[in-house]
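To start, the structure itself, in structure tokens.
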Number of protein chains: 2
Amino acid sequence: MERSTTQRAAIRAAFAATDRPLSPQEVLAAARAQVPTLGPATVYRTLNALAAAGTLIPVTFPGEPARYEVAGKKHHHHFFCRLCRRAFELAGCPGRLSRLGPPGFRVDHHEVTLYGVCADCGAAAGAE
Amino acid sequence: MERSTTQRAAIRAAFAATDRPLSPQEVLAAARAQVPTLGPATVYRTLNALAAAGTLIPVTFPGEPARYEVAGKKHHHHFFCRLCRRAFELAGCPGRLSRLGPPGFRVDHHEVTLYGVCADCGAAAGAE
DNA sequence: ATAGGTGCAAACAGTTTGCATGTAT
DNA sequence: ATACATGCAAACTGTTTGCACCTAT
């Protein structure tokens, strides 16, 4: 991750253009708008390198490929829309979750994920 | 899921013998103790059928194959040990999570997952 | 000039599926 | 007897890797 290339710029731009976690496919599609020759291997390699460097954070959902979001945001969790399969950021955190760990278990991280239908899909369904 | 076969009995027995979510590999290994010829395809087919029937509930963790647990337990969440990669049940739920959903988003389900080191692995690490 | 990056294609792991055989009903 | 279930092997999907070419430094 030492050189600045056009494909990496395009991948970074994809994340800069949105505030929700993106899948490799979403990144590939968005970045190809600027670099049409971009291949999936480069996207995977770049996402993995950025995640290893701590620049991106992986966010996962059941049965779905991992999403990635830029690191450094304040603590938050996620919402996953069952219809459009897009991931969204949530604002708050219930807190005090570590105390749910059984005795002898060391808790160093927690995730809270909400599932349902996002505003866009809810509106589209209601309009039908 | 109409007939009772020895392989299905072995798969059910694997779940009866433990109180934590099991991966297809764990189910296969456990059930092979009783039915050595059991193949992975049968395990996957059975798990999918039982999940579709509502008898089993899939439980997933980032970068991990799905685990399954028997349905009908009271509401709970899970702990995932980073070392042994086993899943465990937790007792409580912080509640009031739906209110974290943004306006216009319909929340119909939530997951809380804790990550860390389980008691077994913590004891093993301390003993080294 | 040269180390690092890219793109293609092949390799891979986990899961699903087609088909012939086996078995509970 | 027959429809359903099993096991093998092939197919599939998403991701990783080998290798030759390219490019930022």
Side-chain angles (χ1 to χ4, degrees), chain A residues 1-15 21-69 80 82 84-87, chain B residues 1-15 21-69 80 82 84-87:
Chain A
M1 196 84 333
E2 314 176 359
R3 298 183 187 182
S4 62
T5 65
T6 49
Q7 15 297 74
R8 285 177 186 172
I11 289 171
R12 284 174 189 275
F15 284 102
L22 299 178
S23 69
Q25 299 300 330
E26 291 174 312
V27 172
L28 179 60
R32 271 187 169 159
Q34 297 169 51
V35 184
T37 65
L38 183 65
T42 298
V43 172
Y44 283 112
R45 272 189 287 236
T46 303
L47 294 178
N48 285 338
L50 291 174
T55 307
L56 290 180
I57 306 290
V59 181
T60 67
F61 303 96
E64 289 290 317
R67 269 72 174 169
Y68 295 84
E69 66 182 2
F80 182 75
R82 300 183 187 288
C84 62
R85 300 183 163 244
R86 288 185 301 172
Chain B
M1 194 83 335
E2 315 175 357
R3 298 183 186 180
S4 64
T5 65
T6 49
Q7 20 289 78
R8 286 175 186 172
I11 290 171
R12 285 174 190 273
F15 284 101
L22 299 178
S23 69
Q25 297 302 327
E26 289 174 314
V27 173
L28 179 61
R32 270 187 168 158
Q34 296 170 51
V35 184
T37 65
L38 183 64
T42 297
V43 172
Y44 283 111
R45 271 189 286 237
T46 304
L47 293 179
N48 285 340
L50 291 174
T55 307
L56 290 180
I57 305 290
V59 181
T60 67
F61 304 95
E64 289 289 319
R67 270 71 174 169
Y68 295 84
E69 65 181 1
F80 182 76
R82 298 185 188 289
C84 63
R85 299 182 166 245
R86 288 184 302 171

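The structure displayed is predicted, hence computed values, not measured ones. The analysis underlying the following values was restricted to heavy atoms, covering all of them including side chains, and did not include hydrogens, waters or symmetry mates.
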Rounded to whole Å, CZ of A/R12 lies from C1' of C/dG5 at a distance of 14 Å

Separation of D/dT6 atom P from B/E2 atom CD, nearest Å, is 12 Å

Rounded to whole Å, the OH-P distance (A/Y44 to C/dA10) equals 18 Å

When rounded to whole Å, the CD to C1' distance for the pair A/Q7 and D/dC22 reads 10 Å

Apply side chain to side chain contact (heavy atoms under 4.5 Å, CB included) to residues A/F15 and A/L47 and explain how you reach the verdict. CA-CA 11 Å; A/F15 284 102; A/L47 294 178; 3.8 Å; yes

Is any side-chain heavy atom of A/L50 closer than 4.5 Å to a side-chain heavy atom of A/R8? no

task: Establish whether the base of C/dG4 is bridged to the side chain of A/R45 by a donor-acceptor pair shorter than 3.5 Å.
output: no

Atom CG of B/L47 and atom C1' of D/dT6 are separated, to the nearest Å, by 15 Å

Atom CD of B/Q34 and atom C1' of D/dT6 are separated, to the nearest Å, by 17 Å

Winner on side-chain proximity to B/T46, out of C/dT17, D/dT17, D/dT6, is D/dT6

Do A/T55 and A/Y68 touch side chain to side chain, with heavy atoms closer than 4.5 Å? no

Quiz item: A/R3 side-chain donor-acceptor pair to C/dG5 base, under 3.5 Å: no

| Would a 4.5 Å heavy-atom cut-off, applied to side chains only, mark A/V27 and A/Y44 as touching? | no

Out of D/dG7, D/dT16, D/dA5, minimum distance to the side chain of A/N48 belongs to D/dT16

One should read off an interatomic distance between B/Q34 CD and B/I11 CD1, to the nearest 0.5 angstrom, of 10.5 Å

Verify the contact: side-chain N or O of A/T37 to OP1 or OP2 of C/dC8, cut-off strictly under 4.0 Å; return yes or no. no

When A/T6 and B/E64 are each assigned the nearest nucleotide of DNA chain C, the 5'-most assignment goes to A/T6

message: Under 4.0 Å, counting only non-hydrogen atoms across every strand here, what does B/R8 touch: a base, just sugar-phosphate, or nothing?
response: sugar-phosphate

To the nearest angstrom, the CG-C1' distance between A/L28 and D/dG14 comes to 13 Å

Residue pair B/T5/B/P40 against DNA chain C: nearer the 5' end by closest nucleotide is B/P40

Taken to the nearest whole Å, CZ/A/R32 to P/C/dT6 is 14 Å

Of D/dA9, C/dG4, C/dG7, the nucleotide closest to the side chain of A/T42 is C/dG7

